[in-house]
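By convention in this document, chain letters (A, B, ...) are assigned in the order of the sequence lines, proteins followed by strands, and residues within each chain are numbered from 1.
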2 protein chains.
Amino acid sequence: MAIPASPKPRQRRSSDTPTRILDVAERLAQRRGFNGFSYADIASELKITTASLHYHFAGKAQLGRAILARYADRFAQALDGIESRVPDAHARLLAYAELYASVLRERRLCLCGMLAAEYQTLPKPMRDSVIHFFDENESWLMKTLEAGRAEGQLRFSGSARDAARMIVGGLEGAMLLARPYGDVPRFQCAAEQLLQGFFPNAADPQSGD
Amino acid sequence: MAIPASPKPRQRRSSDTPTRILDVAERLAQRRGFNGFSYADIASELKITTASLHYHFAGKAQLGRAILARYADRFAQALDGIESRVPDAHARLLAYAELYASVLRERRLCLCGMLAAEYQTLPKPMRDSVIHFFDENESWLMKTLEAGRAEGQLRFSGSARDAARMIVGGLEGAMLLARPYGDVPRFQCAAEQLLQGFFPNAADPQSGD
DNA sequence: GTCTATAGGCAGATAGAC
DNA sequence: GTCTATCTGCCTATAGAC
């Protein structure tokens, strides 16, 4: 029920052609941007032709939609996974930041962070998916923050919505800057500082140096 | 001395061809990304030919370097301006965030935020300039934060370097996300939250709702 | 499903006239 | 400095054989 069985458990490892195309395209989009790769890049890596690519994904716009749809699904599953595995709100925030760190470790940007930069050049359906992704993140964080505040595990002064937006933006920005430096700890350090204000047990931020 | 006079004060408004080219190219780069515009885009807007563009900037890579050099100069001047006009550290941080807001109001991203996303596709000299830009921002913020802490106007627990990096990343990310929504207040709200932890006079962040 | 072959357009770039 | 004309290459995309 919760985990629907794959409709066709044929191949050993998820490696049917559409999936492999999406895997490569997604990685290229996260590393080089949606405007930074071509059908030829995917085709050469998979040793197929661009004509074959067009059989599976009629155009780059449709490919982009498919990448985004799969990415959003996977992200939603990851958030569900946090909720089922991690009981307390404090740890959930850290687990949320760790999702970003794991992407950065592959020298990728968050797909939607990248697409947010390219937003003005994207076809309308992709724009809508990017917005939807951030809305979903905001909702999940709001839910988490409010629950944590009710339980006394988290503290924050303003609205949960504003706090959620600051967290998403802060993590996306920390990722954006850490990647050119090739410096994952740089991201982690920023993420910790960003979140520490929400933890009541944190040392008072007034010690000197 | 501080403000060197323009070498050739010929035209009424800064409108020699190289400057107009840089103006258009910079705006396109900040809105669509460096990979999101072409020589033809600039040429058609200025009603010149791409051949003329090549006379002033031999290639897109050189144009990119010129855009970055001018942008970095202007940003450094803006930081100097804050230091000369704004006396206290608290207000300097707010003025710093306002620099970002003024860019966002033109529906642009910070040039180097945009180029950070496209980093893997940039020619080496542009990469170096992007890194240098963020290093300069970090230095300026460190200086400002340390002075503010010494004067008792700012408080923060970790190193000034880590705090500076969190601020740059946080503002860049808040910009990145606010733009797709076309929502400048969204940025300002995130910026305020990001900075409020540095202000000792802020209300303790434990009030309920 | 995958291929060969190719179309049509746009990219960055250059030569040479004015 | 700006132009016309052109080049080469890459881009997305399609037709049609296998």
Going through the distances and angles, do A/His54 and A/Tyr39 end up as a ring pair (Phe, Tyr, Trp, His ring centres under 6.0 Å)? CA-CA 9 Å; A/His54 278 280; A/Tyr39 264 41; 4.5 Å; yes
Taking NZ, NE, NH1 and NH2 as the nitrogens, is one of them in B/Arg108 or B/Glu26 under 4.0 Å from a carboxylate oxygen of the other? yes
Dot-bracket notation for DNA chain C is requested: 5' to 3', Watson-Crick or G-U wobble pairs only, both distances under 3.5 Å, with ( ), [ ], | and . as defined. ||||||||||||||||||
Looking at every non-hydrogen atom in both residues, tell me the closest pair between A/Arg127 and A/Leu122 and how far apart they are. NE-O, 3.2 Å
Aromatic ring proximity, centroids under 6.0 angstrom, A/Tyr71 and A/Phe133: yes
In terms of relative ring orientation, are B/Tyr100 and B/Phe187 parallel, tilted or perpendicular, with 30° and 60° separating the classes? parallel
Answer yes when A/Asp88 and A/Arg92 have at least one side-chain N-carboxylate O distance shorter than 4.0 Å, and no when they do not. no
Under 4.0 Å between a side-chain nitrogen and a carboxylate oxygen: does that hold for B/Arg70 and B/Asp23? yes
Sequence-aligned protein contact record of nucleotides 5-13 of chain D, with B where the base is within under 4.0 Å of a protein heavy atom and S where only the sugar-phosphate is: ------SSB
Residues 168-178 of chain B vs side-chain hydrogen bond (donor to acceptor under 3.5 Å, both in side chains), sequence neighbours excluded, gives none
Using a heavy-atom cut-off of 4.0 Å to chain B, what are the terminal contacting nucleotides of DNA chain C, in 5' to 3' order? C/dA11 to C/dA15
Residues that A/Ala76 engages under side-chain contact (heavy atoms from CB on, under 4.5 Å), provided they are two or more places apart: none
How would you list all residue pairs meeting side-chain hydrogen bond (donor to acceptor under 3.5 Å, both in side chains) that involve residues 159-168 of chain B, not counting sequence neighbours? B/Glu138-B/Arg161, B/Glu138-B/Arg165, B/Ser159-B/Asp162
